[in-house]
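The sequence lines fix the lettering, A, B, ..., with proteins before strands; numbering per chain opens at 1.
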Amino acid sequence: MPELPDVEVYRRYLASTALHRRITTMEVHSHRVLDGVSGKRLKSTLEGAVLEETARHGKYLFARLDKGQELVLHFGMTGFLKYYKNDESKPGHERLRLRLENGYSLVYDNQRLLGRVFLAPDRKRFIEEQELGPDALTVDFERFTSILERGRGAIKSTLMNQKMLAGLGNIYTDEILFQARIHPKASVGSLGEDGLRTVYEQMRVVLEQAIDAQADPGRMPESFLLPHREEEDSCPRCGGRVRKISLSGRATYFCAACQGEAG
DNA sequence: AGTACCACCTGACGGC
DNA sequence: TGCCGTCAGGTGGTAC
């Protein structure tokens, strides 16, 4: 689930709930989500600290502590945040819980434990160490083309490679290529400058619209493929049949009529 | 370098 | 009702 739009929604959620409130206690319910930091160190760093400012790069969410360190959250396939006061609102797979001085808690929930939580001294260095490409929402066209031109394979695989561009996952990459009317298996080299420009423009439009819709599939524009991710469903643009193929082991949905040949 | 495949996890769903 | 295979939107390693 959590790709760039989802994580941006989580960032705004965190910023509007848990910032500027002192953390009284921190509970680690699953050590499996911790990466490069012990529960003990995370606890001692967070307790008594205040989250002061947030940022997002690709699918990573950063929250800076008043002490200067960065709490870094990655959500995997099933992660999300929940801010609540009463235990009846408690989510089902609480992995980390920050208890705040106002009586509320901010919880990192992750059913499948594929997400990871880090503590990093520096945001920029963290991004470099993870070898992440530029954020898909803020990259400019020139940088975008220079990166994409390094790709030799299918456009979908290239767009999803976090080292090329950070933030696009399976769902939104399919959406972008659908809006751009480009076949997911088309090679990057076959697109030409016009094709790349279309992909870039649609990437921006899709990401912005998805964020506006709170990354909620039920609120996406009618023109989106997203609610039709089912084989034999009909294309929202031409009414044609939605097809499903496997690309690098990922379920890939597209409209053969709109998106043409693999080129 | 690219891609296919497996693993990591849990849970939902359909078939039998 | 229960068991089993399959699949799910992320990432990372291996082998070809």
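The CG atom of A:Leu113 sits 13 Å away from the P atom of B:dC8 (whole-angstrom rounding). Rounded to a whole Å, the CD atom of A:Glu230 is 11 Å from the P atom of B:dG14. Here B:dT10 presents its P atom at 17 Å from CD of A:Glu94, a figure rounded to the nearest Å. For the pair A:Asn110 CG and B:dG11 P, the interatomic distance rounds to 12 Å; values are reported in whole Å. Between the CG atom of A:Asp174 and the P atom of C:dG9 there is a distance of 9 Å, rounded to whole Å. Look at CD1 on A:Ile171: it is 13 Å from P on C:dT11, rounded to the nearest Å. Rounded to a whole Å, the CG atom of A:Leu226 is 9 Å from the C1' atom of C:dG9. A:Leu159 has its CG atom 16 Å from the C1' atom of C:dG9, to the nearest Å.
Taking atom C1' in both B:dC5 and C:dT6, one finds a spacing of 16 Å when rounded to whole Å. B:dC8 and C:dC3 have their C1' atoms separated by 24 Å, with the value rounded to a whole Å. The gap from the P atom of C:dG5 to that of B:dC6 amounts to 15 Å, rounded to the nearest Å.
A search for ring-ring contact (aromatic ring centres under 6.0 Å, His included) contacts involving A:Phe141 returns A:Tyr200, not counting sequence neighbours. When the ring-ring contact (aromatic ring centres under 6.0 Å, His included) test is applied to A:Tyr253, no partner is found at least two apart in sequence or on another chain. Partners of A:Tyr13 according to the ring-ring contact (aromatic ring centres under 6.0 Å, His included) rule, which considers only residues two or more places apart in sequence or in another chain, do not exist here.
For the OP1/OP2 pair of B:dT10 and a distance below 4.0 Å, the side-chain nitrogens and oxygens of A:His93 include no atom meeting the criterion.
Between the A:Asp140 side chain and the A:Arg143 main chain, a donor and an acceptor come within less than 3.5 Å of each other. With A:Glu53 contributing its side chain and A:Arg64 its backbone, the two residues share no donor-acceptor pair below 3.5 Å.
Of the candidates A:Leu165, A:Asn170, A:Ile171, A:Leu168 forms a side-chain contact (heavy atoms from CB on, under 4.5 Å) with just one, namely A:Leu165.
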Using a cut-off of under 3.5 Å, enumerate the N/O to N/O pairs linking the protein to nucleotides 1-3 of chain B.
unit_1, atom_1, unit_2, atom_2, d
B:dG2, OP1, A:Arg152, N, 2.6
B:dT3, OP1, A:Ala154, N, 3.0

Tabulated below should be each protein N or O lying under 3.5 Å from an N or O of nucleotides 4-8 of chain C; please produce it.
unit_1, atom_1, unit_2, atom_2, d
C:dA8, OP1, A:Lys244, NZ, 3.3
C:dA8, N3, A:Arg112, NH1, 3.0

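Within the 4.5 Å cutoff, the side chain of A:Phe144 has heavy atoms near those of the A:Met203 side chain.
A cation-pi arrangement is present between A:Arg237 and A:Phe178, with the terminal nitrogen or guanidinium carbon under 6.0 Å from the aromatic centre and inside a 45° cone about the axis.
Taking a pair as Watson-Crick or G-U wobble with both distances under 3.5 Å, the runs of three or more consecutive pairs in DNA chain B are B:2-8 with C:10-16, B:10-16 with C:2-8.
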